[in-house]
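Notes for the one structure printed next.
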Amino acid sequence: MYDVLFKYIEDKTSEKLADNERDAITTAFDQKHFRKKQYFLREGEVCKYSGFIAKGSARMFTVDEKGHEHIIRFGMESWWMSDHDSLVNLTPSQYFIEMLEDSELLVITLPNANELRKKSRCFDLTIQIMDKFQTIAMQKRIHAAIGLTAEERYADLMGTYPQFLDRFPINMIASYLGISPETLSRIRKNTISK
């Protein structure tokens, strides 16, 4: 499982991990196995870990007062899942993180991650790079939510994360896009007929 994380770090940084860095990473992370539909985090809990998905997939979502789910993000192999606000500020989470498949994660606490950044230059660089890309992804997601039509959001999803369409059910894709499953079905039908 650690080999997936080592490859991820080396790909992100274009640098080779030293043996002492690999040892530090192995010590800092714990292996966790989750079954499909098992929760990594529930609303109201304080998020204790950041999880690197070595195998499987997950979704992060919230439930509104009417009981409707709103998917904030998906996670797949070599993606990270956590509620960063809850993790950093030690506040109760507003979100659920649920495994969509049987999954294997490498998890790390914030204190261990901070300590690891001092021990591993490659891990520190990885965090810096991830922070940059997460900021860009969040800006794009906000822009899509407030500035694009449903059709444009679907086209953007097809261009950015086409694997979502094969991996996740239509009702979850609709929730992620902020539209009804019926609207998504209509958009997909119109897209195919063009």
Side-chain angles (χ1 to χ4, degrees), residues 1-9 11-12 24-65 67-117 120 123 126-127 129-138 141-142 145 157 160-161 163-178:
M1 197 183 318
Y2 287 97
D3 287 340
V4 179
L5 180 56
F6 295 154
K7 182 180 181 329
Y8 174 85
I9 291 169
D11 288 349
K12 283 283 180 207
I25 290 166
T26 303
T27 302
F29 280 85
D30 290 320
Q31 298 181 48
K32 299 277 185 185
H33 301 276
F34 293 89
R35 293 178 318 280
K36 181 178 179 177
K37 297 193 177 204
Q38 189 174 357
Y39 286 93
F40 176 79
L41 178 69
R42 291 181 187 268
E43 179 184 33
E45 296 175 349
V46 174
C47 187
K48 296 177 183 154
Y49 303 100
S50 210
F52 176 80
I53 303 173
K55 180 183 173 193
S57 64
R59 67 180 178 138
M60 181 177 187
F61 67 99
T62 186
V63 180
D64 67 21
E65 63 281 346
H68 298 124
E69 294 180 359
H70 303 278
I71 296 178
I72 307 303
R73 62 185 301 251
F74 289 110
M76 300 180 295
E77 289 83 6
S78 297
W79 288 31
W80 294 82
M81 293 298 285
S82 76
D83 177 352
H84 203 68
D85 178 28
S86 176
L87 183 71
V88 171
N89 295 314
L90 302 175
T91 54
S93 179
Q94 305 173 60
Y95 304 106
F96 295 90
I97 298 176
E98 177 189 35
M99 296 300 124
L100 298 175
E101 302 166 349
D102 289 345
S103 301
E104 297 176 2
L105 276 69
L106 291 169
V107 300
I108 189 167
T109 64
L110 186 59
N112 284 355
N114 290 336
E115 191 60 35
L116 183 56
R117 290 182 77 170
S120 169
F123 184 74
T126 300
I127 299 299
I129 292 164
M130 284 172 37
D131 286 348
K132 205 180 304 181
F133 283 111
Q134 285 178 344
T135 300
I136 293 166
M138 188 61 65
R141 182 113 165 89
I142 292 168
L157 178 70
T160 309
Y161 302 115
Q163 65 272 39
F164 283 10
L165 303 172
D166 296 326
R167 193 91 182 251
F168 305 119
I170 186 104
N171 63 318
M172 288 187 188
I173 297 290
S175 172
Y176 178 79
L177 293 173

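This is a predicted model, so every value here is computed, not measured.
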Practice task
Examine distances only and state if a side-chain atom of S82 and a backbone atom of S50 form a donor-acceptor pair shorter than 3.5 Å.
Solution key: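 Pair absent, no side-chain N/O of S82 close to backbone of S50.
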Problem - Donor-acceptor contact present, side-chain E77 to main-chain G56, <3.5 Å - result: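 Judged by distance alone, yes, a pair lies under 3.5 Å.
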What is the minimum heavy-atom distance between [X] and [Y], and which atoms define it?
X: M81; Y: G75; result: SD-CA, 3.8 Å
X: R35; Y: D102; result: CA-OD1, 3.3 Å
X: V46; Y: P92; result: CG2-N, 4.1 Å
X: A28; Y: N112; result: O-ND2, 3.6 Å
X: S86; Y: E45; result: OG-O, 3.8 Å
X: L41; Y: C47; result: CD1-CA, 3.8 Å

Do [X] and [Y] have side-chain heavy atoms sitting under 4.5 Å apart?
X: E43; Y: V63; value: no
X: Y161; Y: F168; value: no
X: M99; Y: L105; value: yes
X: F52; Y: M1; value: no
X: T62; Y: E69; value: no

Exercise for the section: For the pair F164 and W79, name the ring-plane relationship: parallel under 30°, tilted 30 to 60°, perpendicular over 60°. Expected result: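 Plane angle between 30° and 60°, so tilted.
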Practice task
Look at the aromatic rings of Y49 and F40 and report parallel, tilted or perpendicular, splitting at 30° and 60°.
Solution key: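 Taking F40 first and then Y49, their aromatic rings sit tilted (interplane angle of 30° to 60°).
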[X] [atom1] to [Y] [atom2] distance, which is reported to the nearest 0.5 Å:
X: R141; Y: L157; atom1: CZ; atom2: CG; value: 9.0 Å
X: S93; Y: M60; atom1: OG; atom2: CE; value: 5.5 Å
X: H68; Y: F61; atom1: NE2; atom2: CZ; value: 14.0 Å
X: I72; Y: S175; atom1: CD1; atom2: OG; value: 8.0 Å
X: M172; Y: R59; atom1: CE; atom2: CZ; value: 4.0 Å
X: I25; Y: F6; atom1: CD1; atom2: CZ; value: 5.5 Å

Exercise for the section: Start with the C-alpha distance between Q31 and L106, add both sets of side-chain angles, then the distance that settles side-chain contact (heavy atoms from CB on, under 4.5 Å), and finish with yes or no. Expected result: CA-CA 5 Å; Q31 298 181 48; L106 291 169; 3.6 Å; yes
Handout entry: Neighbour count above 12 (heavy atom, 6.0 Å) for H84 NE2
Key = no
Problem - M130 atom CE: more than 12 heavy-atom contacts under 6.0 Å - result: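 Enclosed: over 12 neighbouring heavy atoms sit under 6.0 Å from CE of M130.
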Handout entry: F96 and Y39: CA distance, side-chain angles, deciding distance, ring-ring contact (aromatic ring centres under 6.0 Å, His included) verdict
Key = CA-CA 7 Å; F96 295 90; Y39 286 93; 5.7 Å; yes
